[in-house]
Amino acid sequence: MGYVFRFETLKRVRKIRENLALQEFSAAQERLRNLEGQKEEKLARRMSSVLALMERMETGIPARDARTYTRYIALLEDEAERIGTLIEDARARLDGKREALLKARQEHKAMERLREIDVERYQEHQSKLEMNFIDEIAIMRHGRRP
């Protein structure tokens with residue numbers, strides 16, 4: 001029978017945990033990127049609205065329209081601020097997922113290293129058994145000669 005690592009199941013479980021942690025980390029990164037993009041979009045819309053308001057004020061604008069612009073600009077500022085708090089939460093979550101990923105990788109690496117050590121011991125043991133077998137054959141041959 002060949003070599004069998006006695007903790008193979010545990011090693012597989014740790015690899016699965018590492019893969020899951022990597023997926024969660026990637027999802028958290030994607031969420032953060034999406035939120036940052038949304039915030040940039042809101043701020044860009046706000047800036048274009050401010051510029052449009054200033055342009056229309058130069059040519060003359062009814063008070064009702066000016067009020068509409070300022071409300072829309074305030075709404076965009078509020079949304080950008082709300083998204084800013086979501087970004088902070090997403091960054092904190094990303095840091096947590098990063099820590100979990102690093103821990104899972106360390107645990108899997110430890111199992112890999114344990115397997116390497118176990119393989120080395122197995123090979124040494126097999127080598128000793130083979131040497132003993134060769135020695136026994138040599139002794140038996142030597143003992144038969146007259």
Side-chain angles (χ1 to χ4, degrees), residues 1-140:
M1 185 169 157
Y3 170 75
V4 176
F5 182 50
R6 59 187 169 182
F7 298 118
E8 189 64 37
T9 303
L10 182 59
K11 182 178 155 273
R12 278 193 221 123
V13 167
R14 290 201 175 164
K15 181 63 178 172
I16 291 169
R17 283 184 186 167
E18 180 183 356
N19 289 339
L20 289 174
L22 181 60
Q23 289 174 357
E24 290 175 1
F25 178 72
S26 296
Q29 274 184 323
E30 186 65 28
R31 171 89 170 127
L32 179 61
R33 275 194 298 269
N34 287 341
L35 287 171
E36 288 173 342
Q38 288 176 11
K39 184 176 180 181
E40 287 177 20
E41 178 191 347
K42 298 291 182 193
L43 293 175
R45 268 202 233 160
R46 179 195 169 279
M47 183 55 86
S48 67
S49 296
V50 167
L51 292 175
L53 175 62
M54 290 172 62
E55 186 178 295
R56 292 210 44 203
M57 287 176 90
E58 288 177 4
T59 60
I61 183 173
R64 178 176 34 96
D65 290 348
R67 229 183 349 257
T68 303
Y69 267 103
T70 55
R71 285 181 186 154
Y72 182 63
I73 291 168
L75 175 72
L76 290 174
E77 288 173 353
D78 290 344
E79 287 181 3
E81 189 175 309
R82 181 185 58 81
I83 291 173
T85 57
L86 291 175
I87 287 173
E88 290 174 15
D89 293 342
R91 283 189 178 136
R93 183 181 168 111
L94 182 65
D95 289 341
K97 296 297 180 183
R98 181 179 291 117
E99 292 297 322
L101 176 60
L102 291 174
K103 183 180 178 199
R105 278 192 176 155
Q106 284 178 336
E107 289 174 352
H108 182 250
K109 269 189 168 179
M111 292 306 296
E112 283 290 327
R113 181 65 184 132
L114 184 59
R115 184 180 188 285
E116 289 172 9
I117 291 169
D118 203 35
V119 166
E120 289 173 10
R121 286 182 183 160
Y122 175 78
Q123 289 172 344
E124 287 175 12
H125 179 71
Q126 290 299 322
S127 177
K128 286 180 184 177
L129 288 176
E130 189 177 321
M131 293 301 281
N132 286 342
F133 181 72
I134 291 171
D135 289 346
E136 286 178 17
I137 290 175
I139 290 171
M140 286 174 35

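Note that the structure is predicted; figures quoted are calculated from it, not measured.
- What you find for T70 and L53 is that their closest heavy atoms are CG2-CD2, 4.2 Å.
- Looking at Y72 and R45, their side chains come closer than 4.5 Å, going by heavy atoms from C-beta outward.
- Annotation: the span from L10 atom CG to K15 atom NZ amounts to 14.0 Å, rounded to 0.5 Å.
- A salt bridge links E116 with R113; the closest basic N to acidic carboxylate O contact falls under 4.0 Å.
- Between R46 and V50 the shortest side-chain heavy-atom distance falls below 4.5 Å.
- Between F7 and D118, the closest side-chain pair of non-hydrogen atoms is not below 4.5 Å.
- Here the side chains of Q126 and Y3 are not in contact, with every heavy-atom distance at 4.5 Å or above.
- Once rounded to the nearest 0.5 Å, the distance linking CD1 of I87 with CG of L94 reads 12.5 Å.
- Looking only at side-chain heavy atoms (C-beta outward), T68 and R71 stay at 4.5 Å or farther from each other.
- Rounded to the nearest 0.5 angstrom, E41 CD and L76 CG are separated by 9.5 Å.
- A salt bridge links R98 with D95: the distance from a Lys NZ or Arg NE/NH1/NH2 to an Asp or Glu carboxylate oxygen falls below 4.0 Å.
- At a threshold of 4.0 Å, the pair R33-E30 counts as salt-bridged, since one of the basic side-chain nitrogens sits closer than that to a carboxylate oxygen.
- Here the rule is side chain to side chain donor-acceptor pair (under 3.5 Å) with K97, and of Q23, Q29, E24 only E24 fits it.
- For the pair K11 and E8, the salt-bridge criterion is met [side-chain N within less than 4.0 Å of a carboxylate O].
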**OP:** Could you give me the CA-CA distance, side-chain angles and deciding distance for L129 and H125, then say whether side-chain contact (heavy atoms from CB on, under 4.5 Å) is met?
**Re:** CA-CA 6 Å; L129 288 176; H125 179 71; 3.4 Å; yes
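- For the pairing with F25, the side chain to side chain contact (heavy atoms under 4.5 Å, CB included) check across L20, L102, L101 returns one residue only, L101.
- Under the 4.0 Å criterion applied to side-chain N and carboxylate O atoms, R14 and E18 are not assigned as salt-bridge partners.
- One distance of note links CD1 of I73 with CG of D78; it measures 12.0 Å at 0.5 Å rounding.
- In this structure, I61 and A66 approach most closely via the heavy-atom pair CD1-N, 3.8 Å.
- Rounded to the nearest 0.5 angstrom, L114 CG and R6 CZ are separated by 7.0 Å.
- Side-chain atoms of R105 and L22, non-hydrogen and from C-beta on, do get closer than 4.5 Å to each other.
- Between E36 and R91, at least one side-chain N (NZ, or NE/NH1/NH2) sits under 4.0 Å from a carboxylate O, which counts as a salt bridge.
- For the residue pair A104 and A21, the shortest heavy atom distance occurs at CB-CB, 4.2 Å.
- The CG atom of L32 lies 11.0 Å from the CG atom of L86; values are rounded to the nearest 0.5 Å.
- Around CD of E81, the count of heavy atoms belonging to other residues, nucleotides or ligands within 6.0 Å does not exceed 12.
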**OP:** Apply side-chain contact (heavy atoms from CB on, under 4.5 Å) to the pair L35 and Q38, showing each step before the final yes or no.
**Re:** CA-CA 5 Å; L35 287 171; Q38 288 176 11; 3.9 Å; yes
